[in-house]
Undergrad: 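Have a look at this one before I ask anything.
Atoms within a ligand are numbered from 1 in the order they appear, just like the ligands themselves. Sequence positions, counted from 1, serve as the residue numbers for this chain.
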Amino acid sequence: MNPPPLPDAAALFLDFDGCLVEIAHRPDAVVVSDALRDLLARLTDRLGGALALISGRDVADLRGHLGDFPGIIAGSHGSELSVAPGDIRTLHQVPFDAAALHSRAHELAAPHPAILVEEKPHGVAMHYREDPSLQNFVEDAMQDLAAQNPHLMLQPAKMALELRPAGVGKDTALAQLMQMQPFEGRVPVFAGDDTTDEPAMEEVQSRGGFAIKIGDGPTAARHRLSDPAALAAWLDASLT
Ligand SMILES: [Mg+2]
């Protein structure tokens with residue numbers, strides 16, 4: 001079902017990869033168009049600043065792709081918050097040795113150069129998009145890492161598996177933002193494309209708002225759009 005028009009009093013929360021931008025063959029190869037930057041700026045203005053990106057990427061990475069995006073970002077699956085460029089605060093820190101985790105991940109992945117190890121400040125991801133037959137290998141390697149890092153949890157994603165802090169998620173990030181100005185009291189709307197987005201879908205719907213699933217696949221969201229271009233068109237239409 002197509003989503004209704006964006007309410008004037010919306011608090012808008014958007015995932016990034018697969019939602020605002022098409023997923024690229026490598027995470028650093030995503031393309032953020034001028035049109036998307038312009039759309040995000042106009043939405044921020046229209047909503048009185050009540051627009052936040054909620055991503056599994058860390059804040060510094062995301063700001064690097066977004067240029068001068070002035071808005072709010074919850075990064076690393078809700079472990080980090082940034083209210084303006086240059087500002088990054090940690091919301092949730094679990095005890096683990098990131099350097100040791102990253103180095104062990106590279107060791108485990110070394111036999112298969114097609115695996116991309118993505119070092120994250122709050123975890124690590126292995127991508128097998130370049131050779132989907134490596135899925136089982138990556139699952140075994142990541143299970144191995146998970147067993148050594150009890151404060152991290154396995155997060156399946158599209159053609160990737162990630163270890164990220166347990167105890168937070170896009171839903172907790174969203175709930176935290178809804179207690180802050182200018183989000184408080186507004187109607188929450190969330191769009192995302194992946195399994196990691198599902199808790200946030202349920203969170204907005206339990207708060208009287210609505211969720212939009214981007215693309216195929218099972219979802220708790222009551223609305224669906226086919227791809228990032230369809231989401232951009234829907235957002236753009238809400239501004240006219
Ligand atoms: Mg996504």
Undergrad: Look at Asp193 and state whether any of its N, O or S atoms is less than 2.8 Å from the Mg ion (ligand 1).
TA: yes

Undergrad: Let me check your reading of the structure: within less than 2.8 Å of the Mg ion (ligand 1), is there an N/O/S atom from Asp17?
TA: yes

Undergrad: Among side-chain atoms of Gln181 and Glu184, is any donor-acceptor pair under 3.5 angstrom?
TA: yes

Undergrad: Taking the inter-plane angle between the rings of Trp234 and Phe210 on a 0 to 90° scale, is it parallel (under 30°), tilted (30 to 60°) or perpendicular (over 60°)?
TA: perpendicular

Undergrad: Under a plain distance cut-off of 3.5 Å, with no hydrogens placed, do Glu139 and Gln143 share a side-chain donor-acceptor pair?
TA: no

Undergrad: Can you find a side-chain donor-acceptor pair between Arg224 and Thr219 that sits under 3.5 Å?
TA: no

Undergrad: For the Mg ion (ligand 1), what is the closest N, O or S atom on Asp15?
TA: OD2

